Amino acid sequence: MGNMWGKNRGAVERFQTRREALFDDFKSRSAPASLVNNPRIVKGNETAEQIETTFNEILKLDLIALKSALQTDKYNAYTVLCAFVWRAIDVNSEINCITEVIREAFNTAEALDDNYAQTGEKGQLFGLPFSVKSNFYMENYDVTVGLAKLLEQPKTTTCPMVQFLSDQGAVPFCLTNVPQGLLSYVSSNPIYGTTKNPWDFSRTPGGSSGGEAALLAAGGAAFGIGSDLAGSLRIPAAFCGLVTLKPTQDRLCVTDTHGGLPGRGRLGLSFGFYTRSVKEQEFLLGLIVGRSEYLELCPMSSPAKLEKHIEKDQKLVIGWFVDDGFNPVVPSNRRAVEETVKSLQAKGHQVVELKLADVSEEFPPFAVADMLFRNVMPDNGAYMSEMYAGEQYDEHMKLFIRLVCLKQNFLVSFLLRYGVMPFAKLALSKRLACIGSAYNSDLAACRQNQENTDSYKLQWIRYWKSKKIDALICPSFITPAQPFEYPAQLSNGAFITGLFNMLDVPAGVVPVSPVNQKDVDQLIDGFSTEGDLLLKKQREAARGTTGLPNAVQVVTLPNCEEMCLRVMRLVEESAEGVQRLQWRVGASAAPIDVENTPAGVVSSLEHFERVNLLH
């Protein structure tokens, strides 16, 4: 490691040694050849081939079917865990999404089976293996968020969300990768490395819950859990073709996590699930939201259970927009919204176009963006600068980290705000100038920004009510999945997701279609960069995205998660949908056209088949 890590070098080396040993142990324990004649393996254990066949059958099931198979004794917890560990280890070797394996997992699965044999009782999530975003506390495990200084400081508590799921019989078996310091949408850091998008190995799965999304999209877990402060659940869902929902902050309160920004401004911090369908999302949220057993673990969470409304024939009023007034989205993401709205309208739902510029005369979109970025860093990045001090900077986050650290110098900060940024607004990018100028000059300014946020939230709700809409459909992000170097340059993208954290409203993502070649072709003539440097970068980031997942965002009023899920289900039912990735077993049936396929996609296709959905 040379001179890397400084005083933390020994901790990093010890961790890497332990990590590799545990990965080797999990690989050995889950290999079919190692499980021959193991009495805990069901459905035939006489040969490695029999076991491998069973594993592949398990891994093809969706969450609801797998739950049913476990509840009806078709499979047991130990066999299912071995299947997912077997797949996850292979997946991780290609896309690097797992930071650590949870060493107790096999013992947990054995105990579940033994307890069932003795009592005949099973929890609702019996035997379902799930992954855990590595900012969630687990007793005896570090929470480093990619920072060497936080190694060898194991937590003494377990996050109540993880504990609840475990109490219901689910089996946490690995922790997944995040950005260095969390506040980015490229899941990369010097300790654990860079996570690749399983759809295209040259692109990021997003962040900060990127490792979770990548593993589930690749078929390496039954479901995943993550957090969302400015899009950290929704951006990876959009990039990886998954479903998620960010609830209102207090509808599902979660403690014992690294939130990314202690003392954050008016930003709702939410927690939720990654699934492959809205039905799976409804099942998991319905199990935990307002549940008395969860309230015992986390009394601050809302006692309001998720209601089940059966009103299939009632037509809704759906608001929509494709332009948030701050940053336009590329043609593919615009089309996703327009086609979704058109489809819902054809089914008899009323659609109403919203304009964010009409929400408030006092706060036009660029003022709202300034408000958001000042809420993201109420201390102007002082905490983050201290957090990165003495750390090896991640290669994909260097630009972002250096800018944060530079702003801590009074003279540099003064020149940036009053010299560089006014010039940048005129000559380079008014969006860059907005981000760079977002600054709380003192405590009074910070307090005023929070007051403005509260005022804007109220005006948003009144505007919504004036339109009499039930839900809103808008772009999920500014582009599909981006190459690794762009997230650090395109912080402007976080407005379309962070806005709904600032408003603290439910916001979900549903994949609706793949990006098509026409979308990419229109980047030239159908996406105006306005001479803006960031928009030019955005256009570059969207090149070569044909075939990648394309999604929309569904938003409702605070505490209206039920309506959000209902509209998400309508969107899913009316959409074309995106394919699913399936690990290649044996020789590929479809040869790869290497000459006409981008390098990152070729790498992906060597390991993952793209399987059509069954409607």
Side-chain angles (χ1 to χ4, degrees), residues 18-19 21-59 61 63 65-92 98-132 136 138-141 154 158-159 161-176 215 219-225 287 293:
R18 290 195 306 272
R19 182 188 190 220
L22 278 169
F23 271 102
D24 289 343
D25 178 57
F26 266 48
K27 183 174 183 178
S28 173
R29 293 179 68 167
S30 63
S34 301
L35 294 166
V36 174
N37 295 322
N38 185 318
R40 291 190 176 274
I41 299 297
V42 300
K43 296 271 291 178
N45 61 8
E46 296 175 2
T47 66
E49 290 73 21
Q50 281 183 340
I51 296 170
E52 191 169 324
T53 297
T54 299
F55 283 5
N56 284 320
E57 289 173 355
I58 290 168
L59 292 162
L61 297 175
L63 176 64
L66 179 58
K67 172 185 177 293
S68 176
L70 282 158
Q71 293 288 333
T72 57
D73 299 342
K74 183 175 182 180
Y75 304 115
N76 64 4
Y78 191 83
T79 304
V80 170
L81 176 67
C82 287
F84 275 94
V85 170
W86 177 64
R87 177 56 41 79
I89 294 295
D90 280 344
V91 163
N92 187 67
I98 299 174
T99 59
E100 291 184 73
V101 290
I102 296 171
R103 48 190 175 271
E104 301 89 352
F106 288 99
N107 291 339
T108 300
E110 289 177 1
L112 285 168
D113 289 333
D114 291 346
N115 183 67
Y116 171 63
Q118 293 170 9
T119 66
E121 296 179 356
K122 292 181 176 180
Q124 290 201 54
L125 300 179
F126 177 85
L128 291 171
F130 72 103
S131 53
V132 178
F136 286 66
M138 290 197 68
E139 189 175 1
N140 299 321
Y141 288 84
T158 293
C159 168
M161 187 175 185
V162 176
Q163 188 63 58
F164 174 83
L165 296 170
S166 299
D167 291 346
Q168 295 297 311
V171 183
F173 74 97
C174 68
L175 300 166
T176 56
L215 181 62
F223 65 90
I225 61 175
L287 188 67
E293 294 93 331

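All figures in this text were calculated on a predicted structure; none of them were measured in a lab.
Rounded to the nearest 0.5 Å, atoms OG (S166) and CD (E104) are 10.5 Å apart. One distance of note links CG of L66 with CZ of F223; it measures 10.5 Å at 0.5 Å rounding. A distance of 4.5 Å separates OH in Y75 from CD in E57, rounded to the nearest 0.5 Å. Here the CG-CD distance, from N56 to E52, works out to 5.5 Å after rounding to the nearest 0.5 Å. Separation of atoms NZ (K74) and OG1 (T54) is listed at 9.5 Å; rounding is to 0.5 Å. For the atom pair CD of E46 and CD1 of I41, the computed distance is 13.5 Å after rounding to the nearest 0.5 Å.
Using a 3.5 Å distance cut-off with no hydrogens or angles, the side chains of D167 and Q163 do pair a donor with an acceptor.
Put simply, the residue from V85, T99, I98 that forms a side-chain contact (heavy atoms from CB on, under 4.5 Å) with C174 is I98. I51 pairs in a side-chain contact (heavy atoms from CB on, under 4.5 Å) with only one of the listed residues (S30, C82, P32), which is P32.
The cationic group of R87 does not satisfy the cation-pi geometry with F55, failing either the under 6.0 Å distance to the six-membered ring centre or the 45° limit from the ring axis.
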**OP:** Starting from the C-alpha separation in whole Å, work towards a yes-or-no answer on side chain to side chain contact (heavy atoms under 4.5 Å, CB included) for F84 and V171.
**Re:** CA-CA 11 Å; F84 275 94; V171 183; over 6 Å; no
Subject >> side chain to side chain contact (heavy atoms under 4.5 Å, CB included) between E100 and R18, worked out >> reply: CA-CA 9 Å; E100 291 184 73; R18 290 195 306 272; over 6 Å; no
Original post:
Under the side chain to side chain contact (heavy atoms under 4.5 Å, CB included) criterion, do L165 and I225 qualify, and how do the steps go?
Top reply: CA-CA 10 Å; L165 296 170; I225 61 175; 3.9 Å; yes
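A search for side-chain hydrogen bond (donor to acceptor under 3.5 Å, both in side chains) contacts involving D24 returns nothing, not counting sequence neighbours. When the side chain to side chain contact (heavy atoms under 4.5 Å, CB included) test is applied to T47, the partners found at least two apart in sequence or on another chain are E49, Q50. Considering only residues two or more places apart in sequence or on other chains, T79 meets the side-chain hydrogen bond (donor to acceptor under 3.5 Å, both in side chains) condition with N76. Residues satisfying the side chain to side chain contact (heavy atoms under 4.5 Å, CB included) test with N37, not counting sequence neighbours, are N45. With sequence neighbours excluded, no residue forms a side-chain hydrogen bond (donor to acceptor under 3.5 Å, both in side chains) with N38.
For the pair A105 and L81, the tightest heavy-atom approach, listed with the atom from each and the gap, is O-CD2, 3.4 Å.
For the pair T158 (side chain) and E139 (backbone), a donor-acceptor distance under 3.5 Å is present.
Using a 4.5 Å heavy-atom threshold, the side chains of Y78 and V42 count as separate. The shortest distance between side-chain heavy atoms of Y141 and R103 falls below 4.5 Å. No side-chain heavy atom of M138 sits less than 4.5 Å from a side-chain heavy atom of C159. At a threshold of 4.5 Å between non-hydrogen side-chain atoms, the residues N92 and F23 count as touching. Under the 4.5 Å side-chain criterion, counting only non-hydrogen atoms from C-beta, W86 is in contact with L59. At a threshold of 4.5 Å between non-hydrogen side-chain atoms, the residues R40 and D114 count as touching. Residues I102 and F26 have side chains not in contact (no heavy-atom distance under 4.5 Å, counting atoms from C-beta outward). S131 places none of its side-chain heavy atoms less than 4.5 Å from the side chain of P172.
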Below 3.5 Å, can you tabulate the donor-acceptor pairs from side chains in residues 119-130 to any protein atom, sequence neighbours excluded?
unit_1: T119; atom_1: OG1; unit_2: N115; atom_2: O; d: 2.8
unit_1: T119; atom_1: OG1; unit_2: E121; atom_2: N; d: 3.2
unit_1: K122; atom_1: NZ; unit_2: L70; atom_2: O; d: 2.5
unit_1: K122; atom_1: NZ; unit_2: D73; atom_2: OD1; d: 2.5

